[in-house]
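In what follows, a structure is listed as structure tokens, so that the remarks can point back to it.
Numbered from 1 within each chain, the chains take letters A, B, ... in sequence-line order.
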Amino acid sequence: MGGYSLSSPSFTLKRTQWCGLLRSEHIGQTVTLAGWVQRRRDHGGLIFVDLRDREGLAQVVFNPELDSLVHSSAHSIRSEYVLAVKGLVRERPEGMVNPKLATGSIEILAEELEILNPSKTPPFMIEDRVDVSENIRLKYRYLDLRRPAIFNNMLVRHKTAQCVRSFLNDHGFIEVETPVLTRSTPEGARDYLVPSRVNQGYFYALPQSPQLFKQLLMVAGFERYYQIVKCFRDEDLRADRQPEFTQIDLEMSFITEEDIISVMEDMVTTIFKEIIGLDLVTPFPRITYAEAMARFGLDRPDTRFGLELVDVTDVVKDSGFKVFAEAAQKGGIIKAINAKGAASLSRKDLDDLTGFVAIYGAKGLAWIKVNPTGWQSPFAKFLSEEEKQGLTAKLGMEEGDLIFFGADSRPVVNAALGQLRLLMAGSSS
RNA sequence: GGGGGCGUAGCUCAGUUUGGUUAGAGCGCCGGCCUGUCACGUCGGAGGUCACGAGUUCGAGUCUCGCCGUCCCCGCCA
């Protein structure tokens, strides 16, 4: 690499405006833009270049009749070239307005062009609709970050952090940074370890959360503390789980459970209002852990749809169907979900679903189809008339319905039917 | 720790079930033409270690074994 010079920069055109913020109020002004080439449309005569900066796109027009030299050098422009362009902002001709662009009513008539940097052909298009593997995107992270959608993610994160700080500051919280290289404070997850050079053979543990320090601050009388902080947990990954992540960590003294819930509802409501303009209604609906497990089988229930789990243990605990009876005898439970109108599922579909619940430890998946001709089910013949009536009433069974049963220990039944519920609703992969 | 999917052009994928002539498509890329496009149009063209290695076979992108990479899930994780 060469050395750096403190002498004048090697470019002559200095940016005066953001591309994406040009509006009709700028018509008549001569501006200088700097940015990346989104796309070039070369008509042989006229050349259109969409120039992109972090605020958006603006269309630059190169006209051979205006300056044939500038026009001919515009000929060599390719995607992702970095340009500086000086030109007149003018209203677009009649019928040429592009309503899809915020800058679509104006364009810049190029008078000077400086190619600040050429670019190799990028491995994928810099646009929101890209369909590229995570691998490729990460390999060319600097290109992926140019995409408006990704930039916007970062922007939302920035605004949210600012919003949270502002809210908590206004509510008497004090932001404190806590140490990262520290002693292990086991919380269940494995620690990330950092070897110590000074104390050979010893290790620091990266914090799974700032728990210990938070308590220290409370004992010391800080009253209200917060921190937007990285946490580290050395566990295996999932699609939605990373080994390092950021928490809004906070603590309050001399308060009740209702106080903390209320402040958190206020904070979340403020974030949604300020960041995306959405009004949330408080108080938020509340549900106990026991109720969540009973009705949805999971501690993070998706309450946007029905398909709730129904405990039918008392109806079939003495059933002639051994799978039910034995589950009850061993202290387990029998639960069911009514997939309304799903009786049209094929035998293969049901076999696939049986394989699906097996992932969560279920040894089988009993089912009943309510057909026009009556019940269709591998085990209905073992049920008494009383049990059939009990199930019909408790599950609201009607023609066209498909009922799934789980009979096992409570955790297995909840996990299997809880996940099956999500699958049937199409809200999970 | 365990199970499953995927790997073919720069990118996204088809082709693998049933081995058989020169491995295809869309987008992108390169060149010609084009003065109102905005996912420009049009004509032409280039581009391949079928992840890698070994094996079976007259013949392997296709079958077998191994190996590497990657994604998803279970366990784990609050």
How far does the [atom1] atom of [N] sit from the matching atom of [M], given to the nearest Å?
N	M	atom1	result
B/C71	B/G66	P	23 Å
B/C13	B/U56	P	35 Å
B/G55	B/C30	P	43 Å
B/G41	B/U35	C1'	13 Å
B/C29	B/A46	C1'	9 Å
B/U16	B/U21	P	13 Å
B/A14	B/C58	P	32 Å
B/U18	B/A9	P	25 Å

Q: Give me the residues of residues 15-22 of chain A where at least one heavy atom lies under 4.0 Å from an atom of RNA chain B, by number, or none.
A: none
Taking [X] first and then [Y], would you say they form a salt bridge - that is, a charged N and a carboxylate O separated by under 4.0 Å?
X	Y	result
A/Glu274	A/Lys159	no
A/Asp236	A/Arg241	no
A/Glu127	A/Arg129	yes
A/Glu308	A/Arg295	yes
A/Arg137	A/Asp144	yes
A/Arg286	A/Glu258	yes

Q) Once you round to the nearest 0.5 Å, how far does CZ of A/Arg54 lie from CH2 of A/Trp18? A)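 Going from the CZ atom of A/Arg54 to the CH2 atom of A/Trp18 covers 4.0 Å.
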**Q.** Qualifying residues under side chain to side chain donor-acceptor pair (under 3.5 Å), relative to A/Ser377, sequence neighbours excluded
**A.**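 Partners of A/Ser377 by the side chain to side chain donor-acceptor pair (under 3.5 Å) criterion come out as none, since no residue qualifies.
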Which nucleotide, in any strand shown, forms a Watson-Crick or G-U wobble pair with [N], with both distances under 3.5 Å?
N	answer
B/G28	none
B/U16	none
B/G1	B/C74
B/A9	none
B/G61	none

Q.
For A/Phe167 and A/His171, take the angle between the two ring planes, folded into 0 to 90°, and tell me which bin it lands in: parallel under 30, tilted 30 to 60, perpendicular over 60.
A.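 Ring orientation of A/Phe167 relative to A/His171: parallel.
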Q: Over 60° means perpendicular and under 30° means parallel, so classify the ring planes of A/Phe382 and A/Phe321, tilted if in between.
A: parallel
Q. Taking atom types as modelled and ignoring hydrogens, do the side chains of A/Gln227 and A/Thr178 form a donor-acceptor contact shorter than 3.5 angstrom?
A. yes
**Q.** Donor + acceptor pair across side chains of A/Ser262, A/Asp259 (<3.5 Å)
**A.** no
Q | Spacing between A/Ile77 atom CD1 and B/C30 atom P, to the nearest angstrom | A |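 A/Ile77 atom CD1 is separated from B/C30 atom P by 13 Å.
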Quick one: which protein N/O atoms are closer than 3.5 Å to N/O atoms of nucleotides 74-78 of chain B? Pair and distance per line, please.
residue	atom	partner	partner atom	Å
B/C74	OP2	A/Arg238	NE	2.5
B/C74	OP2	A/Arg238	NH2	3.3
B/G75	N7	A/Arg238	NH2	2.8
B/G75	O6	A/Arg238	NH1	3.0
B/G75	N1	A/Asp236	OD2	2.6
B/G75	N2	A/Asp236	OD2	3.1
B/C76	O2'	A/Glu235	OE1	2.6
B/C76	O2	A/Arg241	NH1	3.4
B/C76	N3	A/Arg241	NH1	3.1
B/C76	N3	A/Arg241	NH2	3.3
B/C76	N4	A/Arg238	NH2	3.1
B/C76	N4	A/Arg241	NH2	3.0
B/C77	O2	A/Arg241	NE	3.0
B/C77	O2	A/Arg241	NH1	3.4
B/C77	O2	A/Arg241	NH2	3.0
B/C77	N3	A/Arg241	NH2	3.0
B/A78	OP1	A/Glu187	O	3.0

Q: Pick out which of A/Asp311, A/Thr313, A/Asn414 makes a side-chain hydrogen bond (donor to acceptor under 3.5 Å, both in side chains) with A/Lys335.
A: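 Among the candidates, only A/Asn414 passes.
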Q | Letter per nucleotide, 5' to 3', of nucleotides 32-43 of chain B [B base touched, S only sugar-phosphate touched, - untouched; heavy atoms, 4.0 Å] | A | --BBBBBSB---
Q) How would nucleotides 3-17 of chain B be written as a contact map, 5' to 3', with B for base contact, S for sugar-phosphate-only contact and - for no contact, using protein heavy atoms under 4.0 Å? A) -------SSS-----
**Q.** salt bridge (charged side-chain N to carboxylate O under 4.0 Å, His left out) partners of residues 207-230 of chain A, not counting sequence neighbours, each pair once
**A.**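 Every salt bridge (charged side-chain N to carboxylate O under 4.0 Å, His left out) pair that includes a residue of residues 207-230 of chain A, provided the two are not neighbours, is A/Lys214-A/Asp249, A/Lys214-A/Glu251, A/Lys230-A/Glu244.
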